[in-house]
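Along the sequence shown, residues are numbered consecutively beginning with 1.
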Amino acid sequence: MEKLVFATNNAHKLEEVRAVLAGKVEIHSLNELGCYDDIPETAPTLEGNALLKASYVFDKFGMTCIADDTGLEVEALDGEPGVYSARYGGEPHNAQKNMQKLLEKLGDTENRKAQFRTVIVLKDTKQELFFEGIIHGHISKSPSGEAGFGYDPIFVPSGFTQSFAALGSDLKNKISHRALAVSRLVDYLNKKQT
Ligand code: IMP
C-alpha cells in the first residue's frame, strides 16, 4: 500500500483524511515519524505555506507528503486576514481576539462577502500538485453558535442564515472548504490507485 505523510499533528484533520483513504493509502502523522519540529509558516500565501511544510517533510524523510493551509478571505478587506488568519488578533493565537479585530475592521461595511479557502499540496519525487477548496459566505454582525473553532461563529455560508458554529460540525464537515479540498485530493489518489 502506498504510504504518505500528512504534515500535521492535528488529530481531527488526520482522521478526516485517513477515514476516506482507509485501505488505499497509509497516512502517517509527523509525530509517528518522530518529527516534533516547529515547521516555519513564513510564506505570504496559503500555497506557499502549504508547500513550505510539505517540502520540509519531503526533504527530511524522502516520503510523499501532503500539507495544508487555510485562511478566511474578506472581500472588503482586500482578502484579509487570509494567510494571517491564525494570529490576526496578535500572539498568541486567540480566536476571540481574531474575530473581534475582524468585526471592528469591518464595522458597518455593507459588503460582508467572505470565503474560506483551503489549499492542500501533495509533493513527491516528480511533482507538486495543489488542491483547493472554497466556500463562499458572509461575515455576520456578531458571533453566534457554539460548535467548531476559529472564525466559525461569524461566518455564514451562502444558502444558510446561521453561522458555521450554529449549524454544527456534521453539516460543516460536509460542505466546508477543507472537505472540498480533501475530496479533490482523495479523487486524485483514488484515480492513481486504479
Ligand atoms: P489552519 O491552516 O487550518 O491551521 O488554519 C489557520 C487559521 O484559519 C486557524 O487558526 C483559524 O483561525 C482559521 N480557520 C481555518 N479553518 C477554519 C474553519 O474551518 N473555521 C474557522 N476558522 C478556520
Side-chain angles (χ1 to χ4, degrees), residues 6-17 19-20 38-50 52-53 67-121 130-185:
F6 189 177
T8 186
N9 284 318
N10 178 321
H12 171 78
K13 290 183 187 174
L14 204 60
E15 279 320 305
E16 191 177 317
V17 177
V20 274
D38 197 9
I39 304 175
E41 292 188 43
T42 48
T45 60
L46 298 176
E47 286 80 0
N49 268 344
L52 272 182
K53 287 186 269 188
D68 72 329
D69 202 19
T70 297
L72 174 63
E73 300 173 333
V74 179
E75 191 173 275
L77 300 178
D78 293 328
E80 270 187 35
V83 72
Y84 306 108
S85 293
R87 286 165 187 81
Y88 195 48
E91 295 278 1
H93 165 100
N94 181 302
Q96 298 304 326
K97 284 192 182 154
N98 288 342
M99 286 192 286
Q100 201 182 329
K101 176 166 176 188
L102 182 57
L103 289 175
E104 276 170 20
K105 275 204 137 187
L106 261 185
D108 287 332
T109 310
E110 263 183 43
N111 175 9
R112 307 188 76 84
K113 280 189 215 157
Q115 63 182 30
F116 272 117
R117 191 162 71 91
T118 291
V119 172
I120 297 178
V121 63
F130 289 86
F131 304 88
E132 186 183 65
I134 291 178
I135 182 156
H136 298 280
H138 71 266
I139 303 299
S140 58
K141 291 265 160 86
S142 57
S144 65
E146 303 294 330
F149 68 101
Y151 298 87
D152 281 348
I154 58 170
F155 182 81
V156 180
S158 294
F160 295 87
T161 53
Q162 289 179 296
S163 72
F164 259 163
L167 289 168
S169 299
D170 284 351
L171 177 73
K172 180 192 165 189
N173 292 341
K174 284 194 190 104
I175 65 170
S176 80
H177 43 300
R178 203 164 3 258
L180 186 57
V182 167
S183 81
R184 289 183 169 147
L185 166 73

Item to complete: Check the angle between the aromatic planes of F155 and F164 and answer parallel, tilted or perpendicular using the 30° and 60° thresholds.
Response: tilted

Minimal heavy-atom distance between D152 and A147, with the atoms involved, is CB-O, 4.2 Å

| query | Quick one: does H93's side chain have a donor or acceptor within less than 3.5 Å of a partner on A86's backbone? | reply | yes

Close side-chain approach of N49 and V119, heavy atoms under 4.5 Å
no

Residues R178 and D68: closest non-hydrogen pair is CD-OD2, 4.4 Å

Next item on the list: Measure the shortest side-chain to side-chain distance between L72 and N98 over non-hydrogen atoms and say whether it is less than 4.5 angstrom.
Entry: no

Rounded to the nearest 0.5 Å, the NZ atom of K53 sits from the CZ atom of F6 at a distance of 8.0 Å

| query | So, the side chain of Y151 versus the backbone of L102: is there a donor-acceptor pair under 3.5 Å, distance only? | reply | no

Report task. Indicate yes or no: at least one non-hydrogen side-chain atom of E80 is less than 4.5 angstrom from one of V74. Result -> no

Worksheet item: With the threshold set at 4.0 Å, does a side-chain nitrogen-carboxylate oxygen contact exist between E47 and R117?
Response: yes

Nearest heavy-atom approach of A165 to S144 is CB-O, 3.5 Å

Heavy atoms of G148 and S169 approach each other most closely as N-OG, 4.1 Å

- So E73 and L46, side-chain contact (heavy atoms from CB on, under 4.5 Å) or not? Walk me through it. CA-CA 11 Å; E73 300 173 333; L46 298 176; 4.1 Å; yes

Scanning both residues in full, the closest heavy-atom pair of A43 with L52 reads N-CD1, 3.8 Å

Would H138 and V156 count as a side-chain contact (heavy atoms from CB on, under 4.5 Å) here? Give the steps. CA-CA 5 Å; H138 71 266; V156 180; 3.6 Å; yes

Of all heavy-atom pairs linking Q162 and L167, the shortest is O-CD1, 3.5 Å

Per side-chain contact (heavy atoms from CB on, under 4.5 Å), T118 is matched among D69, I134, T70 by T70

Heavy atoms, side chains only, cut-off 4.5 Å: are K141 and R112 in contact?
-> yes

> Is the closest basic N to carboxylate O distance between R184 and E132 below 4.0 Å?
Replying inline: no

